[in-house]
Enquirer: 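Provided herewith is a single structure, encoded as structure tokens, for subsequent inquiry.
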Amino acid sequence: MSSLSKYAKAIFDKHIVMNLQLILESEIKKAIQNLYGATLNEVEFQATRKDFEGDITVVIFPMLRVVKGNPVSIGEAIGAYLVENVAEVLKFNVVKGFLNLVLSDRYYLDFFGSVSDFSNFGKMPQGEDAMMVEYSSPNTNKPLHLGHIRNILLGYSVAEIVKASGKKVYKTQIINDRGIHICKSMVAWSTFGNGETPETTGLKGDKLVGNYYVKFDKVYKKQIAELKEAGKSEEEAKAEAPILQEAQQMLLKWEAGDAEIVALWKKMNGWVYTGFEKTYEALGVDFDTLYYESDTYLLGKEFVAEGLQTGVFFKKEDGSVWCDLTNEGLDEKIVLRSDGTAVYMTQDIGTAIQRVKDHPDVSGMIYTVGNEQDYHFKVLFLILKKLGFNWAKNLFHLSYGMVDLPSGKMKSREGTVVDADDLIEDMTATAKKISEELGKIDAFSEEEKDELYHTIGSGALKYYILKVDPKKRILFNPEESVDFQGNTGPFIQYTYARIQSILRKANENAELGNIDIDTLKNVSLHLKEKEVLKILQQYPEVIQLAATNYSPALIANYTYDLVKEFNSFYQNVPILAADTISEKQFRIQLAKAVSDVIKSAFSLMGITVPERM
RNA sequence: GGUCGCAUAGCUCAGCUGGAUAGAGCACCUGCCUUCUAAGCAGGCGGUCCCAGGUUCGAAUCCUGGUGCGAUCACCA
């Protein structure tokens, strides 16, 4: 158990219960002062291991620096002192240099009674300080795939977590809506499309456009082969292929504002956006504000010009503009081409500045982008600092590992991608299959069933992806379906549904009434109850930890621990059939609290929970 | 080659600021549905924490050097 963050402390202060760890720390310091005349700066705590009796453990070893003596006898002395002076400490034992403290039930019950609403437990009120979280930066020439799914789920979840940790959050994306890749789809469509539309083909807009991106590549490769046969070198062939030149012509026309080309661009991008909308909806994510590359690259150019004046950048003989980062241990980086056109970096400079202009309360930004762009963001952040923006010190690249297939990297042009919509559909189908086999929801309407399948299927997928540490790469094998048992989304959803079932029954019998402190006083805790309470108590701290580490995986692991402990309680301790009324009431409330926290934690991962399953 | 990241059970992953005998799930094996949903519970099997040094009372964790895998070092994004 790490020391509680100041946020968690604030939560406990708000409720009558003082954080015990703080009390223990100061009492232990007093004990050392009284017993040995020494001054202790810090006390190290950790959760007591399961195989020893106790709830919280004080590590004695670090004290040996200021107190000379045998760790066991020091532990004994502190333990005796605490039992004497701290009401919550019932008894203790010392194993080697570890002082295990057994806490009173009363301490845990006071904690439980002090939280009036577990559905908001651990979430801090939103402050003035705003963060902007960027995720899902799609190109508008092809549909979203599994790689985007990780990006989207991760970014969304981190945004929710940061929000819960007490910051205002704007969710945004940068849409790469211009450039040669878009023109490729446009050329292919106008040449081979025969006026096809999403309406005439019944295809999702992004799929339709993606097909023409693939078509372009096919034709391009064929033309290269033909040119090589006619005696051209590989390089010449690649540069001279007519369809590529056509795309390049189109880009020039687009930049010149050619009305016909711009109209085509708008039409095809419109199809793609409609398609993306559907995918985002299926994933249950949203955005507060959108940015388009076509809108921000010009602002980037302005600031490059300004930086050139102030000496942040320099111009080479050919007219290209660079930033010298050799003092920072990096290379020189281009920020404007010799022909004056913008590069990726130019646009990103512009976008960042635009965002803060539009949202003056933004004091930092989080970019959810794959780790292949680590270098790019290192450079971007440095440049923004050099340009003198004070928010530049609060920029963070949420860098995540690639999602690879057993066959290697996914490539859109070669059709070796796991399509986002297909994957969600597959997961839903698997959920359906399993649900039907179990046959528990035969009473559901067709509509309710479909909703449930989607809840479970997408829950399985989201949990599967989010439970992994973001910086690690994921190897995804489409042949082996995502699990629905063990450490999975459906397992946790199932626990939630079982609790709801109990609550419904309790409600029918009017046993759900608010628990009062007097009832709690008469309860003596079962070991399993105590374990569940211990984990519940950690939730506020886990949110803060997940926020500072930008890691939904911490929320996932926490939820799993909570659910595992609860299931053990559920299976071993009767709830509705408890011996006494006060026990029954308490256990119902405990179950409810657990389900509230499950729902809350899952919402931080963008996962919904079913009432029955 | 330079830089950055990763390496823990057969597989997928936890392991917080260094602390006790390194933990889960899947798979495999045993039990448990006439009591609240068995997508569950209880238990078993399974480890040279990549290797070698170092710091420390104590290292999977920190440092150095290797090895392996990945990324990056474009007037691509």
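Letters A, B, ... mirror the listed sequences (proteins, then strands); counts begin at 1.
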Enquirer: Without decimals, in angstroms, what is the distance between A/Asn477 CG and B/rC13 P?
Expert: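 That distance rounds to 12 Å.
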Enquirer: May I ask which nucleotide in the shown strands pairs with B/rA14, Watson-Crick or G-U wobble, both distances under 3.5 Å?
Expert: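 Checking every strand shown, B/rA14 finds no partner, since no pair has both distances under 3.5 Å.
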Enquirer: Please give me the minimum heavy-atom distance between A/Val67 and A/Ala38, naming the atom from each residue.
Expert: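 In this case the closest contact between A/Val67 and A/Ala38 is CG2-CB, 4.0 Å.
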Enquirer: A/Tyr560 side chain: which of B/rG19, B/rA24, B/rC41 is closest?
Expert: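 Side chain of A/Tyr560 sits closest to B/rA24.
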Enquirer: Could you work out which one of B/rC4, B/rG25, B/rU37 sits closest to the side chain of A/Tyr570?
Expert: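 Given the options B/rC4, B/rG25, B/rU37, the side chain of A/Tyr570 is closest to B/rU37.
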Enquirer: Remember a base hit wins even if backbone is also touched, and classify A/Ser435 as base, sugar-phosphate or nothing at under 4.0 Å, heavy atoms.
Expert: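 Here A/Ser435 touches the bases of the nucleic acid.
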Enquirer: Can you tell me if the side-chain N/O atoms of A/Arg498 get under 4.0 Å from OP1 or OP2 in B/rA38?
Expert: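 A/Arg498 to B/rA38 OP1/OP2: side-chain N or O found under 4.0 Å.
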Enquirer: Taking B/rU35 as the reference, what is the distance to B/rC26 when you measure between their C1' atoms (whole Å, please)?
Expert: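 Roughly 31 Å separates the two C1' atoms.
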Enquirer: Looking at A/Asn371, I'd like to know whether one of its side-chain N or O atoms comes within less than 4.0 Å of OP1 or OP2 on B/rA71.
Expert: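 So the side-chain polar atoms of A/Asn371 never come under 4.0 Å of the phosphate oxygens OP1 or OP2 of B/rA71.
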Enquirer: Using a 4.5 Å cut-off on heavy atoms from C-beta on, say whether the side chain of A/Ile441 contacts that of A/Tyr453.
Expert: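 Yes, at least one pair of side-chain atoms sits under 4.5 Å.
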Enquirer: With rounding to whole Å, what would you report as the distance between B/rU12 and B/rC32 at their C1' atoms?
Expert: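 Rounded to whole Å, the distance is 27 Å.
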Enquirer: What's the gap between B/rG40 and B/rG25 when it is taken at their C1' atoms, as a whole Å value?
Expert: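 To the nearest whole Å, 14 Å.
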Enquirer: Answer yes or no: is there a side-chain heavy-atom contact under 4.5 Å between A/Thr455 and A/Met613?
Expert: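 When only atoms from C-beta onward are counted, A/Met613 and A/Thr455 do not touch, as no gap falls below 4.5 Å.
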Enquirer: Measure from NZ on A/Lys50 to P on B/rA24 and round the result to the nearest Å.
Expert: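 That distance rounds to 8 Å.
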Enquirer: Classify the nucleic acid contact of A/Gln493 as base, sugar-phosphate or nothing, counting any heavy atom under 4.0 Å across all strands shown.
Expert: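 Nothing, no nucleic acid heavy atom in range.
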Enquirer: Round to the nearest Å and state the distance from A/Leu438 atom CG to B/rA38 atom C1'.
Expert: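 Result: 9 Å.
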Enquirer: Find the partner of B/rU72: check Watson-Crick (N1-N3 plus N6-O4 or O6-N4) and G-U wobble (N1-O2, O6-N3) distances, both under 3.5 Å, and reply none if neither fits.
Expert: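 B/rU72 is paired with B/rG2.
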Enquirer: Identify whether a stacking contact exists between A/Phe52 and B/rA20, where the ring centres must be under 5.5 Å apart and the planes under 30° apart.
Expert: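 It does: the two rings, one from A/Phe52 and one from B/rA20, meet the stacking criterion.
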Enquirer: Syn or anti for B/rC33, taking syn as within 90° of 0?
Expert: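 Classified syn.
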Enquirer: Please check: side-chain N/O of A/Asp177 versus main-chain N/O of A/Tyr292, any donor-acceptor pairing under 3.5 Å?
Expert: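 Looks like no, no N/O pair under 3.5 Å.
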Enquirer: Can you tell which of B/rA14, B/rG19, B/rC6 lies closest to the side chain of A/Phe61?
Expert: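 Of the options given, the side chain of A/Phe61 lies nearest B/rG19.
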Enquirer: Rounding to the closest angstrom, what is the interatomic distance between B/rC63 and B/rU56 at atom P?
Expert: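 To the nearest whole Å, 16 Å.
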Enquirer: Consider the side chain of A/Ile575, meaning its heavy atoms from C-beta on, and name the nucleotide among B/rG40, B/rC36, B/rU72 that approaches it most closely.
Expert: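 Nearest to the side-chain atoms of A/Ile575, counting from C-beta on, is B/rC36.
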Enquirer: Could you check which nucleotide pairs with B/rG53 in any of the strands shown, counting Watson-Crick or G-U wobble with both distances under 3.5 Å?
Expert: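 When the pairing criteria are applied, B/rC63 turns out to be the nucleotide that pairs with B/rG53.
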Enquirer: Would you classify A/Asn141 as touching base, sugar-phosphate or nothing, given that sugar-phosphate means primed atoms plus P, OP1 and OP2, and contacts are heavy atoms under 4.0 Å?
Expert: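 Answer is nothing: A/Asn141 stays at 4.0 Å or more from every strand.
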Enquirer: So, OP1 or OP2 of B/rG25: does either fall under 4.0 Å of a side-chain N or O from A/Lys564?
Expert: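 True: A/Lys564 side-chain N/O within range (under 4.0 Å) of B/rG25 OP1/OP2.
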Enquirer: From B/rU72, B/rA77, B/rC36, pick the nucleotide closest to the side chain of A/Tyr375?
Expert: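 For A/Tyr375, the side-chain atoms sit closest to B/rU72.
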Enquirer: If we call it a pair only when both distances are under 3.5 Å in a Watson-Crick or G-U wobble match, what pairs with B/rG47?
Expert: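 No nucleotide pairs with B/rG47.
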Enquirer: Work out how far the C1' atom of B/rA7 is from that of B/rC50, and round it to whole angstrom.
Expert: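 Each nucleotide's C1' atom is 6 Å from the other's.
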Enquirer: For B/rC32, give the paired nucleotide (Watson-Crick: N1-N3 plus N6-O4 or O6-N4; G-U: N1-O2 and O6-N3; both under 3.5 Å), or none.
Expert: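 Per the H-bond distance test, B/rG40.
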Enquirer: Within this structure, what is the NZ-to-P distance between A/Lys409 and B/rA77, rounded to whole angstrom?
Expert: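 After rounding, the reported distance stands at 16 Å.
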Enquirer: On a whole-Å scale, what distance lies between the P atoms belonging to B/rG47 and B/rA22?
Expert: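 About 12 Å, rounded to a whole number of Å.
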Enquirer: Using the rule given for side chain to side chain donor-acceptor pair (under 3.5 Å), can you reason through A/Asn176 versus A/His181, listing the C-alpha separation, both sets of side-chain angles and the distance that settles it, and then say yes or no?
Expert: CA-CA 10 Å; A/Asn176 300 300; A/His181 48 289; over 6 Å; no
Enquirer: Would you mind telling me which of B/rU72, B/rA14, B/rA77 lies closest to the side-chain atoms of A/Tyr344?
Expert: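 Closest nucleotide to the A/Tyr344 side chain: B/rA77.
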Enquirer: Between B/rU3 and B/rG66, how far apart are the two P atoms, rounded to whole Å?
Expert: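 Roughly 10 Å separates the two P atoms.
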Enquirer: Of the options B/rU21, B/rG19, B/rC73, whose atoms approach the side-chain atoms of A/Asp331 most closely?
Expert: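 Nearest to the side chain of A/Asp331 among the choices is B/rC73.
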Enquirer: Give the nucleotide from the list B/rG19, B/rU37, B/rA20 with an atom nearest to the side chain of A/Thr57.
Expert: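 From the listed options, B/rA20 comes nearest.
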Enquirer: Can you tell me how far P of B/rG70 sits from CG of A/Asp374, to the nearest Å?
Expert: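 Atom-to-atom, A/Asp374 to B/rG70, this comes out as 17 Å.
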Enquirer: What closest approach, in Å, do A/Arg150 and A/Arg473 show between heavy atoms, and which atom pair accounts for it?
Expert: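 Residues A/Arg150 and A/Arg473, closest heavy atoms: NH1-CA, 4.0 Å.
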Enquirer: For A/Arg337 and A/Val563, take the nucleotide of RNA chain B holding the closest heavy atom to each; which residue's nucleotide lies nearer the 5' end?
Expert: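 Nearest-nucleotide comparison on RNA chain B picks A/Val563.
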Enquirer: At under 4.0 Å between heavy atoms, what does A/Asp339 touch on the DNA or RNA strands: base, sugar-phosphate, or nothing?
Expert: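 The residue A/Asp339 makes no contact with any strand.
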Enquirer: Given the C1' atoms of B/rU8 and B/rU61, what is the spacing between them in whole Å?
Expert: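 My reading of the C1' atoms in B/rU8 and B/rU61 gives 11 Å.
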Enquirer: B/rA77 pairs with which nucleotide, Watson-Crick or G-U wobble, both distances below 3.5 Å?
Expert: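 None - no nucleotide pairs with B/rA77, as no candidate has both distances under 3.5 Å.
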Enquirer: Counting distance alone, no hydrogens or angles: does the base of B/rA42 have a donor or acceptor under 3.5 Å from a partner atom on the side chain of A/Ser568?
Expert: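 For A/Ser568, whose side chain was compared with the base of B/rA42, there is no donor-acceptor pair (under 3.5 Å).
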Enquirer: Between CG of A/Leu604 and OG of A/Ser157, what distance do you get to the nearest 0.5 Å?
Expert: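 OG of A/Ser157 is found 6.5 Å from CG of A/Leu604.
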Enquirer: Could you tell me whether the side chains of A/Asn572 and A/His526 share a donor-acceptor contact shorter than 3.5 Å?
Expert: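 A/Asn572 vs A/His526: no donor-acceptor pair found between side chains.
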Enquirer: Over all strands shown, is A/Met402 touching base, sugar-phosphate only, or nothing at heavy-atom distances under 4.0 angstrom?
Expert: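 Answer is nothing: A/Met402 stays at 4.0 Å or more from every strand.
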Enquirer: Describe the nucleic acid contact of A/Ala591 in one word from base, sugar-phosphate, nothing, applying a heavy-atom distance below 4.0 Å.
Expert: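 The answer is nothing, as A/Ala591 stays clear of every strand by at least 4.0 Å.
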Enquirer: Please state whether the base of B/rA27 and the side chain of A/Asp483 form at least one donor-acceptor pair under 3.5 Å?
Expert: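 Checked by distance alone, the answer is no.
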Enquirer: Across the strands shown, which category fits A/Pro71 at heavy-atom distances under 4.0 angstrom: base, sugar-phosphate, nothing?
Expert: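 Here A/Pro71 touches no strand at all.
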Enquirer: Can you see whether A/Tyr297 has A/Arg178 sitting over its ring - NZ or CZ less than 6.0 Å from the centre and within 45° of the normal?
Expert: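 Pair A/Arg178/A/Tyr297 counts as cation-pi.
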Enquirer: Can you tell which of B/rC36, B/rG19, B/rU72 lies closest to the side chain of A/Leu576?
Expert: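 Looking only at heavy atoms from C-beta outward on A/Leu576, the closest nucleotide is B/rC36.
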Enquirer: Quick one: is B/rC57 close enough that its OP1 or OP2 comes under 4.0 Å of any side-chain N or O from A/Arg65?
Expert: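 For B/rC57, OP1/OP2 do not have a side-chain N/O of A/Arg65 under 4.0 Å.
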Enquirer: Answer with base, sugar-phosphate or nothing: what part of the nucleic acid does A/Val335 contact at a heavy-atom distance below 4.0 Å?
Expert: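 Nothing, no nucleic acid heavy atom in range.
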Enquirer: Relative to the 5' end of RNA chain B, which residue comes earlier, A/Phe569 or A/Lys471, by the nucleotide with the nearest heavy atom?
Expert: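 So the residue in question is A/Lys471.
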Enquirer: Atom NZ of A/Lys472 to atom C1' of B/rA71: distance rounded to whole Å?
Expert: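 In whole Å, B/rA71 C1' lies 17 Å from A/Lys472 NZ.
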Enquirer: Respond yes when some side-chain nitrogen or oxygen of A/Lys96 is under 4.0 Å from OP1 or OP2 of B/rU21, and no when none is.
Expert: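 The answer is yes; a side-chain N or O of A/Lys96 sits under 4.0 Å from OP1 or OP2.
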Enquirer: Against the six-membered ring of A/Phe444, is A/Arg612 placed for a cation-pi contact (under 6.0 Å from the centre, within 45° of the normal)?
Expert: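 Geometry flag: not set, cation outside 6.0 Å or 45°.
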Enquirer: A/Ile499 has an atom CD1; how far is it from atom C1' of B/rC41, in whole Å?
Expert: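 Atom CD1 in A/Ile499 sits about 15 Å away from atom C1' in B/rC41.
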Enquirer: Tell me the interatomic distance from A/Phe476, atom CZ, to B/rG70, atom P, rounded to whole angstroms.
Expert: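 Nearest whole value for this atom pair: 21 Å.
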